[in-house]
Undergrad: 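My questions will all concern the structure given below.
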Amino acid sequence: MHNKILNKYYFINKFDKSLIDKLQKETTIIYRSYNKKTDEKLIIKIKDYCKKKGNKFLLSNNIKLAIKLNLDGAYIPSFSKDKKHLSYSLKKNFIILGSAHNVYEMKTKELQNVSIIFLSSIFKKNKNFLGVYKFKLLSHLSKKPFIALGGITNTNLKTLNLIGCFGFAGISFFEQKKGP
C-alpha cells in the first residue's frame, strides 16, 4: 500500500531553534501560549526564523495579531467561539485552522469558517479521547479536511493513512530524538 504524505503541524510554546531546525519545510509551526500575554517581539523572532527555514508560521487564539504581524495564518482553539474575524479582511493565502473534540465544536469551527479542523484526541487517552473509530465517524460529518491530534507516534503514524485524514499535529512527536 502506498503511503500518502500527510501534512504536519507542530505546536510550540517557546522559541527553540534546535527543534525548528529538525523539522521538514512542509511542517507548519503553531505558536500557542494561553497562560501569558503574547510577546509580539518573540512572535516576530519566530516568524522571521520560520520564514528563513521555509516553514509556515501560525499564531493561536489571536487572529488580529496574526494579521497585523503578517503571519501565514491563525489557529482557533476548541474553547474559542469568537467569530469577529469573519469581518476582517484577510490576505489571499491567510490560513485559519481550528480544533474540535465533538460535533458541537466541529459545527462551531465550520461557522468560524476554518479551512481545516484539528480533531482530538485520536490516540491519547484523555477526557477528549476519541479513538480511531469515533474519529473516523466524526470526520464524515463535515466536508472540511481533518487533522489528527493527540498521541501521535512513529508506531501509530501508519494508521493515519487508513483513516483518510489530511495530516497530523502534535508536540511530543516532533520533540522525539529522531525527529520527523
Side-chain angles (χ1 to χ4, degrees), residues 3-34 38-40 42-80 85 88 90-101 105-106 109-110 112-124 135 139 142 144-154 156-157 160-161 163-176 178-180:
N3 281 350
K4 68 175 184 160
I5 297 169
L6 296 169
N7 293 287
K8 297 184 250 343
Y9 300 84
Y10 174 34
F11 288 101
I12 62 170
N13 62 10
K14 63 183 184 294
F15 183 30
D16 185 337
K17 288 181 182 179
S18 67
L19 290 174
I20 295 172
D21 287 343
K22 288 186 344 181
L23 300 174
Q24 297 169 339
K25 279 188 172 96
E26 299 78 36
T27 305
T28 299
I29 297 168
I30 302 170
Y31 178 81
R32 66 175 186 185
S33 182
Y34 302 140
T38 306
D39 178 352
E40 282 190 38
L42 175 66
I43 300 302
I44 292 167
K45 228 196 257 186
I46 299 170
K47 172 193 140 179
D48 291 345
Y49 196 74
C50 287
K51 188 173 186 145
K52 189 175 97 178
K53 300 298 285 180
N55 298 90
K56 284 193 169 122
F57 179 57
L58 282 58
L59 180 62
S60 178
N61 209 29
N62 196 334
I63 296 174
K64 211 171 196 169
L65 184 59
I67 294 167
K68 176 185 167 191
L69 298 178
N70 197 25
L71 303 184
D72 295 303
Y75 172 85
I76 306 173
S78 59
F79 59 79
S80 174
H85 67 278
Y88 300 166
L90 305 172
K91 68 180 182 182
K92 190 178 174 215
N93 296 325
F94 192 85
I95 315 160
I96 299 180
L97 312 174
S99 65
H101 304 100
E105 290 175 354
M106 284 170 50
K109 295 306 151 201
E110 288 176 342
Q112 290 173 318
N113 205 24
V114 302
S115 52
I116 300 170
I117 298 174
F118 287 52
L119 195 54
S120 83
S121 165
I122 187 163
F123 298 116
K124 189 177 186 180
F135 180 99
S139 71
S142 174
K144 302 274 184 190
F146 282 89
I147 298 294
L149 178 59
I152 315 288
T153 64
N154 281 317
N156 60 29
L157 206 50
L160 298 181
N161 282 313
I163 60 170
C165 65
F166 184 69
F168 67 93
I171 299 170
S172 58
F173 177 86
F174 296 99
E175 295 175 357
Q176 296 170 33
K178 288 183 181 150

Undergrad: Any sub-3.5 Å donor-acceptor pair from N13's side-chain atoms to S33's backbone N or O?
TA: no

Undergrad: Got a second to check how far K64's NZ is from H85's NE2, nearest 0.5 Å?
TA: 13.0 Å

Undergrad: Between atom OG of S60 and atom CG of L65, what is the distance when rounded to the nearest 0.5 Å?
TA: 11.5 Å

Undergrad: Is a donor on one side and an acceptor on the other found under 3.5 Å between the side chain of K51 and the backbone of F57?
TA: no

Undergrad: Could you name each residue pair satisfying side chain to side chain donor-acceptor pair (under 3.5 Å) that touches residues 115-124, not counting sequence neighbours?
TA: H101-S120

Undergrad: Counting N and O atoms only, with roles assigned by atom type, does the side chain of N156 sit under 3.5 Å from a partner on the main chain of G151, one being a donor and the other an acceptor?
TA: yes

Undergrad: Do Y49 and D21 pair up side chain to side chain, a donor and an acceptor below 3.5 Å, judged on atom types alone?
TA: yes

Undergrad: Does a salt bridge link K22 with E175, judged by any charged N lying under 4.0 Å from a carboxylate O?
TA: no

Undergrad: Do you know which two heavy atoms are closest between A148 and I122, and how far apart they sit?
TA: CB-CG2, 4.0 Å

Undergrad: Determine whether the side chains of S99 and Y75 contain a donor N or O and an acceptor N or O closer than 3.5 Å.
TA: yes

Undergrad: Taking all non-hydrogen atoms of both residues, which atom of C50 and which atom of I20 are closest, and how far apart?
TA: SG-CD1, 4.4 Å

Undergrad: Return the set of residues passing side chain to side chain contact (heavy atoms under 4.5 Å, CB included) with K144 (not counting sequence neighbours), or none when no residue passes.
TA: E110, N113, I117, S142

Undergrad: Are any of the side-chain heavy atoms of T38 and I43 separated by less than 4.5 Å?
TA: yes

Undergrad: Specify the closest pair of heavy atoms between F174 and Y9, including all atoms of both residues, with the distance to one decimal.
TA: CE1-O, 3.2 Å

Undergrad: Quick one: pull up CD1 in I30 and NZ in K56 and give me the separation to the nearest 0.5 Å.
TA: 12.0 Å

Undergrad: Compute whether any side-chain donor of one residue and acceptor of the other, for N70 and K47, lie under 3.5 angstrom apart.
TA: no

Undergrad: Would you compute the distance between atom CG of L42 and atom CD of E40 and round it to the nearest 0.5 angstrom?
TA: 11.0 Å

Undergrad: Taking the side chain as C-beta and beyond, is there a heavy-atom pair between L19 and I12 under 4.5 Å?
TA: no

Undergrad: For the atom pair OH (Y88) and CD1 (I96), what is the distance rounded to the nearest 0.5 Å?
TA: 10.0 Å

Undergrad: Can a donor-acceptor pair be found, under 3.5 Å and without considering hydrogens, that links the side chain of D72 to the backbone of I95?
TA: no

Undergrad: In Å, rounded to the nearest 0.5 Å, how long is the span from CG of L6 to CG of N161?
TA: 5.0 Å

Undergrad: Do F173 and F168 make the cut of ring centroids closer than 6.0 angstrom?
TA: yes

Undergrad: Write down the atom of G98, the atom of K109, and the distance for their closest heavy-atom approach.
TA: CA-CD, 3.9 Å

Undergrad: Which pair of non-hydrogen atoms, one from S139 and one from F146, has the smallest distance, and what is that distance?
TA: O-CE1, 3.3 Å

Undergrad: Using atom types as modelled and distance alone, determine if a side-chain donor or acceptor of N7 lies under 3.5 Å from a backbone N or O of F166.
TA: yes

